Novice: 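Take a look at this one; I'll ask things after.
Only a predicted model underlies this, so the values are computations on that prediction, with no experimental measurement involved. So that the names make sense, note that chain A is the first sequence line, chain B the second, and so on, each numbered from 1.
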Protein chains: 2
Amino acid sequence: MKSDELFALLRRRGFLWPTAEIYGGAQGLYDYGPLGAALKRRIEEAWTAWFVGLSHDYYLIDPAEILPEAVVRASGHLENFTDPEVTCDSCHNAFRADTVLEKVRPEGVDGLGPNEIGELVRANHVKCPSCGSTNLSVPQPFNLMFGLDFGVTGRERVYLRPETAQSSYLSFARMWDVGRRALPLGIAVVGKAYRNEIAPRQVLFRMRSFTQAELQIFFDPTSFPVPFDRTKEEVLPVVRAAKRLAGSEEIEHVPAHDLVASGGLPEFYVHHLVHTFRFYRDVLAIPADRVRLLEKSDQERAFYNRIQFDVEVHLESLGGFKEIGALHYRGDYDLGRHGQGSGKDLAVTVTGGRSVLPHVLELTFGPDRSLWAVADTHLGKDGDRTLFRLPPYLAPVPVGVFPLIAKEHAAFALRLSDELATAGVPNQYDDAGTIGKRYARMDEAGTPFCVTVDGETVAEGPNQGTVTLRLRDSKAQERVPAAELAGRILPKLRPPRPPRA
Amino acid sequence: MKSDELFALLRRRGFLWPTAEIYGGAQGLYDYGPLGAALKRRIEEAWTAWFVGLSHDYYLIDPAEILPEAVVRASGHLENFTDPEVTCDSCHNAFRADTVLEKVRPEGVDGLGPNEIGELVRANHVKCPSCGSTNLSVPQPFNLMFGLDFGVTGRERVYLRPETAQSSYLSFARMWDVGRRALPLGIAVVGKAYRNEIAPRQVLFRMRSFTQAELQIFFDPTSFPVPFDRTKEEVLPVVRAAKRLAGSEEIEHVPAHDLVASGGLPEFYVHHLVHTFRFYRDVLAIPADRVRLLEKSDQERAFYNRIQFDVEVHLESLGGFKEIGALHYRGDYDLGRHGQGSGKDLAVTVTGGRSVLPHVLELTFGPDRSLWAVADTHLGKDGDRTLFRLPPYLAPVPVGVFPLIAKEHAAFALRLSDELATAGVPNQYDDAGTIGKRYARMDEAGTPFCVTVDGETVAEGPNQGTVTLRLRDSKAQERVPAAELAGRILPKLRPPRPPRA
């Protein structure tokens, strides 16, 4: 599906819609409706089960989204978290430089200075996208953070966090104290981040308020032992930076152990790259041939990132590979900066009495983008049907419960719906329209199991107490005792976890 | 426990700490650590199961926290969401008028105008709490919303929502379209709200970034049928507004049906008041004698609230009854205002062809405050032990898994921890220190079940494969097959739901 078509379908089914829609919406803001909120929650829970589940010393925390100015000064965001912005001297509208230059420089403007961008605008006689004049200004850096006046004096300035990672760095000292005081220590946050994007677009891909799921692993740079035996045989679809610089974007399929042995990457990094790849393939069920791990070059990555692979998924709706996650080896930049900024030494003493300023491996992930990617991948036509082929543990509503005839079967069906909910099986009761229409509604919602209560269920006889269980993907139907439903379905609702022991 | 002592304990155990603690914190902002994040999440899930579980037509959505200016203009927040603020002309610090006047007017300043407040300050020679001078200004209204510059032009103004309710009102039209198109329709949000409180205090009770769980029930004012049979016999601890105005704050214990028959309250309102009371008593397990339902008078409630009872819980740490929830009958104020503001008629056509502008019953709830209330109520000393007597479904970590001797029993214990997690039982593996110390750590964390793997578990014999299950509250121990643990514990981890069918 094209982006517009996919969005229209998601909106019609109440997955999501523009914020303050009745007021005409707000650029870069979306509300999740019942199905979207549940799907996003399940994606977040699957992420947490998978990545926080990697170690007994990885923890999920929930910090505030507001950061004092001293924090974003130390992190560098106050100075550097900018996009080049071009304004039109005729109509006074403002644009991202890379958007204005899209046609003449499709590879973007990363690494170019304001003067170089200005020269490109002039040399190519680039016109204002709004009024068509050529009076575009020399680019200015535009800070993407939202600032707030905090307190009553007007003297205190705070910021909505531009990334959840900062909250984890700020919490490291406290987490060290309350935990086992050992490395590696993982601190995960699933929460909001905010960016005043110059040009929000592509629905969930460039939002101004969005969710991040990030795991920061703090480790001793002299030793980050990982059970590489469990991952080294995996073959990864990589695009190496050196090949890209030489002009090739072709995916190579390389065994993990080769990336270490001859690929120049550390074992701990490749181990987590495998886990990340497996999450997209085995948990979100994105077909492996739609995923690539794209290494960023020195010029492309932030200076503090020593190694960076972006996880990109090929999306039909957006016409190509799009980033939905990444793996950053950030060195000791973060704790070093916040140590300086706060005046508190963030080095810790490890076994043997050595003092270590931990390095950070960051696994970063976009639940909103992933929701879109999952919809792009799994939601589509199958003949006459519109079908959302979600794995059961991602389905917003795993079970639909229908009385065949509302008047006769509602009492049993309502009780069953209630019993399933009490047993931990979320479900939707629906008595409106034909069974076929009800199946169709649940197919679009991604519901893998539909249950129909009929005359046989409530009448005395061999089928008393049984219901029809219908499977979404195969349309297969089966007669099942209602009392056995929860036991059959519950195990399928737990997201996969990586084996630890 | 006193507030300071309770906070110190919660901080030491990593439930929560001030945001950006290494920078000295930020007023009114707190981060939840691993135990606090999990406890808060479970409180939110219990709330959702209970209240969204009230009807098949109540839904949870997840809208953005940022609202365009037109929205808060229509809702009245731009004009009226203010606290009177007094500034000191000597030291230029600012204070909430009710704080400054606390000693001379303990009942607060609700309903007083700026001139009346100014007169009280002058007449009582009130001194600046900061510098001691008597140069306090005439009070000015201070808007508590955080405003943001949105987009690149600097011309667009948006606001962090001051309450989640607005997001539900904005979504009503879309939810009507995607749903059954029938009333009552419930729209719940569990999410952040933001208020630039003049004087943040009492830890989680007046924060600048906090979570609200709110259910807005849209109904036809001519008919809101409820199954009152299920609730009418409940005896509620109420303090009626009329009695309060007459000088009595005494709790009366009144059967729900009496509140309707002779108390002048509508059935639908009392029905939901009972469900709300039961939530605090039966789900959060707050002793009934610590809860009161305090009716607000005409002078105290917002003008659009026709009926308001606050749910207050007596907290030792804060020295009295504190509001942690409320039930507002808001009439058609909200949809009326947003209909005008947006230019979209929000009336709907109900069965029979009548056009109805739905009324709103709002159930509002503070997860942060409730977390504090639960800690105040359930966390305390029992002889030498510090014990957090949480119901199992609220416990951040329901199960602790210990090897008696790490070297000998770790392999089995790690595998068990992993199997429990896979079966949906969150647990913490701990091999540090004596078993007694490990029990003590889990007692403080509120963990109801601890499991120890020992020599008998791993040796051939009658107890092979069994572990010691130790219960938090009774300290009772029992030998249990490890394979049976998940089945025994899982049902206890589901929060109670109200019966529907």
Novice: Are Asp418(B) and Arg497(A) within salt-bridge range, i.e. N to O under 4.0 Å?
Specialist: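 Counted as a salt bridge, because a side-chain N and a carboxylate O are separated by less than 4.0 Å.
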Novice: For Phe210(A), which atoms come within 4.5 Å of any heavy atom of chain B: side chain, backbone, both, or neither?
Specialist: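 Neither part, no heavy atoms under 4.5 Å.
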Novice: Considering only heavy atoms and a distance below 4.5 Å, find which of Met207(A), Glu419(A), Met175(A) pairs most often with chain B.
Specialist: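 The residue among Met207(A), Glu419(A), Met175(A) with the greatest pair count is Met175(A).
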Novice: Is chain A contacted by the side chain of Arg494(B), its backbone, both, or neither, given a heavy-atom distance below 4.5 Å?
Specialist: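 Arg494(B) touches chain A through side-chain heavy atoms alone.
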Novice: Of the backbone (N, CA, C, O) and the side chain (C-beta and beyond), which part of Tyr30(A) lies under 4.5 Å from a heavy atom of chain B, both, or neither?
Specialist: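 The backbone, not the side chain.
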Novice: Ignoring hydrogens and angles, tell me if any N or O in the side chain of Asp62(B) forms a donor-acceptor pair with the backbone of Tyr32(A) under 3.5 Å.
Specialist: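 Checking the backbone N and O of Tyr32(A) against the side chain of Asp62(B), no donor-acceptor pair under 3.5 Å is found.
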Novice: Leu60(B) versus chain A, heavy atoms under 4.5 Å apart: side chain, backbone, both or neither?
Specialist: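 Backbone only.
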Novice: Just give me the residue among Leu170(B), Ile22(B), Val178(B) that pairs up with chain A most often, heavy atom to heavy atom, under 4.5 Å.
Specialist: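 With the most close heavy-atom pairs to chain A, the winner is Ile22(B).
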Novice: Picking from Glu197(B), Gln27(B), Gln166(B), Glu21(B), which has the most non-hydrogen pairs under 4.5 angstrom with chain A?
Specialist: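 Top count of heavy-atom pairs under 4.5 Å with chain A: Glu21(B).
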Novice: What are the two closest non-hydrogen atoms of Ala94(B) and Val152(A), and how far apart are they?
Specialist: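 Of all heavy-atom pairs spanning Ala94(B) and Val152(A), the closest is CB-CG2, 3.1 Å.
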Novice: So do the side chains of Trp17(B) and Asp177(A) get within less than 4.5 Å of each other, counting heavy atoms only?
Specialist: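 No; the side chains remain at least 4.5 Å from each other.
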Novice: Which bit of Glu45(B) comes within less than 4.5 Å of chain A, counting heavy atoms only: side chain, backbone, both or neither?
Specialist: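 The side chain, not the backbone.
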Novice: Non-hydrogen atoms of chain A under 4.5 Å away: do they reach the side chain of Leu346(B), the backbone, both or neither?
Specialist: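 Contact with chain A involves the side chain of Leu346(B) alone.
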Novice: Given that the side chain runs from C-beta out, which part of Pro34(A) has a heavy atom under 4.5 Å from chain B: side chain, backbone, both or neither?
Specialist: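 Contact with chain B: backbone and side chain both.
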Novice: Which residue out of Ser171(A), Ala410(A), Gly343(A) racks up the most heavy-atom pairs below 4.5 Å with chain B?
Specialist: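 Highest number of heavy-atom pairs under 4.5 Å: Ser171(A).
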Novice: Can you confirm whether more than 12 heavy atoms, excluding those of Arg180(A), are under 6.0 Å from its CZ atom?
Specialist: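 No, the 6.0 Å shell around CZ holds no more than 12 heavy atoms from other groups.
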Novice: Looking at Gly151(B), is its backbone amide N or carbonyl O close enough to the side chain of Asn196(A) to form a donor-acceptor pair, meaning the two atoms are under 3.5 Å apart?
Specialist: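 Yes.
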Novice: Sort out for me which of Gly341(A), Ala432(A), Gly424(A), Pro68(A) touches chain B most, counting heavy-atom pairs under 4.5 Å.
Specialist: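 That would be Gly341(A).
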Novice: Side chain, backbone, both or neither: which part of Leu490(A) has a non-hydrogen atom closer than 4.5 Å to chain B?
Specialist: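 Leu490(A) touches chain B through side-chain heavy atoms alone.
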Novice: Go through it in stages, so that I can follow the logic: the residues are Tyr429(A) and Asp57(B), the test is side chain to side chain contact (heavy atoms under 4.5 Å, CB included), and I'd like the CA-CA distance, side-chain angles, deciding distance and then a yes or no.
Specialist: CA-CA 9 Å; Tyr429(A) 174 84; Asp57(B) 281 317; over 6 Å; no
Novice: Looking at chain B, which one of Ala26(A), Gly179(A), Ala64(A) has the largest number of heavy-atom pairs inside 4.5 Å, strictly under?
Specialist: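 With the most close heavy-atom pairs to chain B, the winner is Ala64(A).
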Novice: So which part of Gln428(A) gets closer than 4.5 Å to some heavy atom of chain B, the side chain, the backbone, both or neither?
Specialist: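 It is the side chain, since no backbone atom gets that close.
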Novice: Which answer fits Ala173(A), side chain, backbone, both or neither, if we ask what part of it has an atom under 4.5 Å from a heavy atom of chain B?
Specialist: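 When you check distances to chain B, only side chain atoms of Ala173(A) fall under 4.5 Å.
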Novice: Out of curiosity, Arg12(A) CZ to Arg174(B) CZ, how far, rounded to the nearest 0.5 Å?
Specialist: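 Rounded to the nearest 0.5 Å, the CZ-CZ separation comes out at 10.5 Å.
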Novice: Considering only heavy atoms, which portion of Ala20(B) lies under 4.5 Å from any heavy atom of chain A: side chain, backbone, both, or neither?
Specialist: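 Both parts, heavy atoms under 4.5 Å.
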Novice: Is there side-chain contact between Leu414(B) and His56(A), with heavy atoms separated by less than 4.5 Å?
Specialist: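 When only atoms from C-beta onward are counted, His56(A) and Leu414(B) do touch, with a gap below 4.5 Å.
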Novice: Can you find a heavy atom in the side chain of Glu65(A) that is under 4.5 Å from one in the side chain of Lys192(B)?
Specialist: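 Answer yes - side chains close enough.
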Novice: Under 4.5 Å from any heavy atom of chain B, what part of Thr422(A) do you find: side chain, backbone, both or neither?
Specialist: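 Contact with chain B involves both backbone and side-chain atoms of Thr422(A).
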Novice: Answer yes or no: is there a side-chain heavy-atom contact under 4.5 Å between Thr19(B) and Pro63(A)?
Specialist: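 Of all side-chain heavy-atom pairs linking Pro63(A) with Thr19(B), none is under 4.5 Å.
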Novice: How far apart are the C-alpha atoms of Leu148(A) and Tyr194(B), what are their side-chain angles, what is the distance that settles it, and do they pass the side chain to side chain contact (heavy atoms under 4.5 Å, CB included) test?
Specialist: CA-CA 11 Å; Leu148(A) 306 173; Tyr194(B) 300 86; over 6 Å; no
Novice: Is chain A contacted by the side chain of Leu160(B), its backbone, both, or neither, given a heavy-atom distance below 4.5 Å?
Specialist: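 For Leu160(B), side-chain heavy atoms alone lie under 4.5 Å from chain A.
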Novice: Is it the side chain or the backbone of Asn93(A) that comes within 4.5 Å of chain B heavy atoms, both, or neither?
Specialist: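 Contact with chain B: side chain only.
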Novice: Taking every non-hydrogen pair under 4.5 Å, which of Val71(A), Ile198(A), Ile187(A) racks up the most with chain B?
Specialist: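 When all of Val71(A), Ile198(A), Ile187(A) are compared, Val71(A) has the most.
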Novice: Relative to chain B, which of Ala423(A), Ala49(A), Gly14(A) shows the most heavy atom pairs under 4.5 Å?
Specialist: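 Top count of heavy-atom pairs under 4.5 Å with chain B: Ala423(A).
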Novice: Is Arg11(A) in contact with chain B via its backbone, its side chain, both, or neither, using a 4.5 Å heavy-atom distance?
Specialist: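 Both parts, heavy atoms under 4.5 Å.
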Novice: Could you tell me if the side chain of Tyr23(B) sits less than 4.5 Å from the side chain of His338(A), heavy atoms only?
Specialist: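 A side-chain contact under 4.5 Å exists here.
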